[in-house]
Enquirer: 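First the structure, which I've put down as structure tokens, then a few questions once you've had a look.
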Amino acid sequence: MYSLKVADFNLHHTLSCGQVFRWDCTGGWWSGIVSGKVIRIAQEDDELFVDSPHSEALIRSYFRLDDDLGSIYASLRRDAKLSGLLDMYRGLRLIRQEPWECLVSYLCSSNNTIRNIRNAIRNMSMCFGAQISDGKYAFPAPEELARAECSELRECRLGFRADVVRATAGLVAGGEFDLEGLRELRYEDAKEALQSLKGVGPKIADCVCLFALDKLEAFPVDVHIERIMKEYYSACRELKKDAIGDFARGYFGGYCGYAQEYLYFEEMKKGKREADTAISLAEDT
DNA sequence: CCCCAGGTGTCAG
DNA sequence: CTGACACATGGG
């Protein structure tokens, strides 16, 4: 167990905003699995308490604690809407995910719910990943998923996504697709390369670029982002998803990926508030 | 039994 | 190039 001082960091926002799928919070402590090792972590004010075999350097890299949020915020304050979100969710940071787990996670995201995505990832890890400790499993390597039968992946509740996950695992395990190498490419080239994979379109490619490949100018546009962008920015009213991403890059600039995360978190919380309201209204009747 | 969920591939027009 | 539709699975 060790601690480290942090500034402009909010652990809870960072892990709750929907960018990662394998973290859980109990009693103020978050626990997750990164690079095959368990991390337990908690925050009190500007101090982070870490219980993990991972080094402090790994933790700092994973949570992007070296990003200068002050200057990123300054570059994003283009309007009152986003500016309000930056203040409301101050300290929310992008996470530097592992490319392979990130790619598979978002392959599972198409036409799916967060809950089902989390279950599929947990099932795959239990079936094909190395056991770390009681009930804890590493995310399976490409070779491990490449060895899986599609029927076994179906049993992990991947649904129609089983085929593309297995095919992608085969390409990455066989060295035919150099996922790690994409980090060296420009954003546009990395995105194009990802889209050559079956099951990867513009949205999933942008997620991998942003969450795992350090392409902070990526702006994934899903149905939620499309909705909130059209609500906040009249220029987006008539635009399609791809054009909304281009608009965001031009409007917010090179750190628009950070803007996307705040907008997504807000839209997610708004949806949850509406659902809670609907429940309480139903209880009233 | 309807609809929807961090989309994408396919196939008419 | 554009729009409609299917796709497994779980939940409202």
Side-chain angles (χ1 to χ4, degrees), chain A residues 13-23 92 94-95 97 101-124 127 148-168 171 191-213 215 218-231 236 238-246 248 256-283 285:
Chain A
H13 287 159
T14 298
L15 289 173
S16 315
C17 72
Q19 54 182 328
V20 285
F21 300 99
R22 291 194 85 197
W23 285 87
L92 165 56
L94 288 167
I95 284 175
Q97 301 184 31
E101 178 176 334
C102 182
L103 172 58
V104 175
S105 298
Y106 283 92
L107 270 176
C108 293
S109 73
S110 65
N111 196 35
N112 210 354
T113 58
I114 301 273
R115 179 199 169 98
N116 286 348
I117 298 165
R118 290 173 59 96
N119 285 340
I121 293 169
R122 182 170 38 78
N123 293 339
M124 272 187 285
C127 289
E149 299 293 336
C150 280
S151 59
E152 296 177 300
L153 290 175
R154 284 282 166 83
E155 289 166 14
C156 292
R157 320 316 285 168
L158 266 69
F160 62 85
R161 308 163 194 86
D163 295 345
V164 292
V165 167
R166 212 201 81 91
T168 302
L171 290 175
K191 180 173 179 179
E192 186 181 353
L194 284 163
Q195 289 195 74
S196 72
L197 295 168
K198 282 276 189 189
V200 178
K203 190 271 175 180
I204 292 175
D206 268 335
C207 285
V208 177
C209 281
L210 178 61
F211 298 137
L213 298 176
K215 313 303 181 194
F219 191 89
V221 181
D222 59 37
V223 47
H224 301 287
I225 289 293
E226 181 180 18
R227 185 158 50 226
I228 197 168
M229 288 297 285
K230 286 181 172 176
E231 178 187 340
C236 292
E238 309 300 323
L239 298 183
K240 310 185 63 175
K241 285 183 176 163
D242 282 349
I244 291 175
D246 292 336
C256 66
Y258 261 100
Q260 192 269 4
E261 219 42 32
Y262 285 75
L263 290 160
Y264 179 80
F265 195 30
E266 170 65 6
E267 183 66 13
M268 198 179 170
K269 285 174 118 47
K270 198 188 335 175
K272 190 165 171 55
R273 284 195 297 269
E274 285 166 3
D276 291 346
T277 306
I279 290 170
S280 66
L281 285 175
E283 286 171 347
T285 58

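Every chain is numbered from 1, with letters handed out A, B, ... down the list of sequences. The shown structure was predicted, so the numbers you read here are calculated from the model rather than taken from an experiment.
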Enquirer: What is the per-nucleotide protein-contact pattern of nucleotides 8-13 of chain B, from the 5' end, where B denotes a base atom under 4.0 Å from a protein heavy atom, S denotes such proximity for sugar-phosphate atoms only, and - denotes neither?
Expert: SSS---
Enquirer: Please work out if A:Phe265 contacts a base, only the sugar-phosphate, or nothing of the nucleic acid, heavy-atom cut-off 4.0 Å.
Expert: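 Nothing, no heavy atom under 4.0 Å.
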Enquirer: Under 3.5 Å, sequence neighbours excluded: what are the donor-acceptor pairs made by side chains of residues 193-203 of chain A?
Expert:
| unit_1 | atom_1 | unit_2 | atom_2 | d |
| --- | --- | --- | --- | --- |
| A:Ser196 | OG | A:Ala193 | O | 2.6 |

Enquirer: Is the side chain of A:Arg122 donor-acceptor paired with the backbone N or O of A:Cys156 at a distance under 3.5 Å, no angle test?
Expert: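 Flag not set: sc A:Arg122 to bb A:Cys156 has no pair under 3.5 Å.
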Enquirer: Cut-off 3.5 Å, no hydrogens considered: what does the side-chain donor-acceptor table look like for residues 13-21 of chain A, sequence neighbours left out?
Expert:
| unit_1 | atom_1 | unit_2 | atom_2 | d |
| --- | --- | --- | --- | --- |
| A:His13 | ND1 | A:Asn10 | ND2 | 3.3 |
| A:Thr14 | OG1 | A:Asn10 | O | 2.8 |
| A:Thr14 | OG1 | A:Gly91 | O | 3.4 |
| A:Thr14 | OG1 | A:Arg93 | N | 3.1 |
| A:Ser16 | OG | A:His12 | O | 2.4 |
| A:Gln19 | OE1 | A:Ile95 | N | 2.9 |
| A:Gln19 | NE2 | A:Thr14 | O | 3.0 |
| A:Gln19 | NE2 | A:Arg93 | O | 2.9 |

Enquirer: Using modelled atom types only, decide if a donor and an acceptor are shared between the side chain of A:Asn116 and the backbone of A:Asn112 within a distance under 3.5 Å.
Expert: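 No, the answer is negative, given that no donor and acceptor are paired below the 3.5 Å cut-off.
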Enquirer: Atom CZ of A:Arg161 and atom P of B:dG6: how far apart are they, to the nearest Å?
Expert: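 Going from A:Arg161 (CZ) to B:dG6 (P), I get 11 Å.
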Enquirer: Between B:dG6 and A:Tyr264, is there a base-stacking contact, meaning the centre of the base's six-membered ring lies under 5.5 Å from the residue's ring centre while the planes stay under 30° apart?
Expert: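 Ring-base stacking flag set for A:Tyr264 and B:dG6.
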Enquirer: Keeping A:Gln260 on the side-chain end and A:Pro220 on the backbone end, is there a donor-acceptor pair under 3.5 Å?
Expert: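 Yes; judged by distance alone, with no hydrogens or angles, the pair exists.
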Enquirer: Contact list please: residues 149-159 of chain A against DNA chain C, heavy atoms, distance less than 4.0 Å, in numerical order.
Expert: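 Contacting residues: A:Arg154, A:Arg157, A:Gly159.
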Enquirer: Could you please spell out the steps behind the side-chain contact (heavy atoms from CB on, under 4.5 Å) verdict for A:Leu171 and A:Thr168?
Expert: CA-CA 5 Å; A:Leu171 290 175; A:Thr168 302; 5.6 Å; no
Enquirer: Measuring only the P atom in each nucleotide, how far is C:dA8 from B:dT10? A whole number of Å is fine.
Expert: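 The same atom, P, in both gives a distance of 14 Å.
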Enquirer: Say you pick atom C1' in B:dG6 and the same atom in C:dT2; how far apart are they, in whole Å?
Expert: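 One C1' to the other, the span is 23 Å.
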Enquirer: Yes or no on side-chain contact (heavy atoms from CB on, under 4.5 Å) for A:Phe219 and A:Asp206, after CA distance, side-chain angles and deciding distance?
Expert: CA-CA 6 Å; A:Phe219 191 89; A:Asp206 268 335; 5.5 Å; no
Enquirer: Classify the nucleic acid contact of A:Gln19 as base, sugar-phosphate or nothing, counting any heavy atom under 4.0 Å across all strands shown.
Expert: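 Counting heavy atoms under 4.0 Å across all strands, the contact made by A:Gln19 includes a base.
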Enquirer: Apply salt bridge (Lys or Arg N to Asp or Glu O under 4.0 Å) to A:Lys230 and A:Glu226, showing your working.
Expert: CA-CA 6 Å; A:Lys230 286 181 172 176; A:Glu226 181 180 18; 3.2 Å; yes
Enquirer: To the nearest Å, how far apart are A:Asp206 CG and B:dG7 P?
Expert: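 From A:Asp206 CG to B:dG7 P: 13 Å.
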Enquirer: Please report the C-alpha distance between A:Arg157 and A:Asn119 in whole Å, then the side-chain angles of each, then the deciding distance to 0.1 Å, and finally whether the side-chain contact (heavy atoms from CB on, under 4.5 Å) criterion is met.
Expert: CA-CA 8 Å; A:Arg157 320 316 285 168; A:Asn119 285 340; 5.9 Å; no
Enquirer: Report the distance from atom CZ of A:Arg227 to atom C1' of B:dC4, rounded to the nearest whole Å.
Expert: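 Whole-Å distance recorded here is 11 Å.
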Enquirer: Measure from CD on A:Glu274 to P on B:dC4 and round the result to the nearest Å.
Expert: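 To the nearest whole Å, that distance equals 15 Å.
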Enquirer: Could you tell me how far apart A:Leu194 (CG) and B:dG7 (C1') are, to the nearest whole angstrom?
Expert: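 About 15 Å, once rounded to whole Å.
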Enquirer: In whole angstrom, give the distance that lies between atom CD of A:Glu226 and atom P of B:dG6.
Expert: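 The distance from CD of A:Glu226 to P of B:dG6 comes to 14 Å, rounded to the nearest Å.
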Enquirer: By side-chain contact (heavy atoms from CB on, under 4.5 Å), which residues pair with A:Glu152, not counting sequence neighbours?
Expert: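 A:Glu152 satisfies side-chain contact (heavy atoms from CB on, under 4.5 Å) with A:Phe128, A:Ala148, A:Glu149 once adjacent residues are dropped.
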Enquirer: When rounded to the nearest 0.5 angstrom, what distance separates OG1 in A:Thr113 from CZ in A:Arg118?
Expert: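 It comes to 11.0 Å.
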Enquirer: Reading DNA chain C from 5' to 3', where do the contacts with chain A start and stop? Cut-off is 4.0 Å to heavy atoms.
Expert: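 Range of nucleotides within reach of chain A: C:dG3 to C:dG11.
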Enquirer: Rounding to an integer number of Å, can you tell me how far A:Asn119 CG sits from B:dA5 C1'?
Expert: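 Those two atoms, CG and C1', are 14 Å apart.
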Enquirer: When the distance from CE of A:Met268 to C1' of B:dG6 is rounded to whole Å, what number comes out?
Expert: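 It is 9 Å, rounded to the nearest whole Å.
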Enquirer: Between A:Glu267 and A:Lys270, is there a salt bridge with N-O shorter than 4.0 Å?
Expert: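 Counted as a salt bridge, because a side-chain N and a carboxylate O are separated by less than 4.0 Å.
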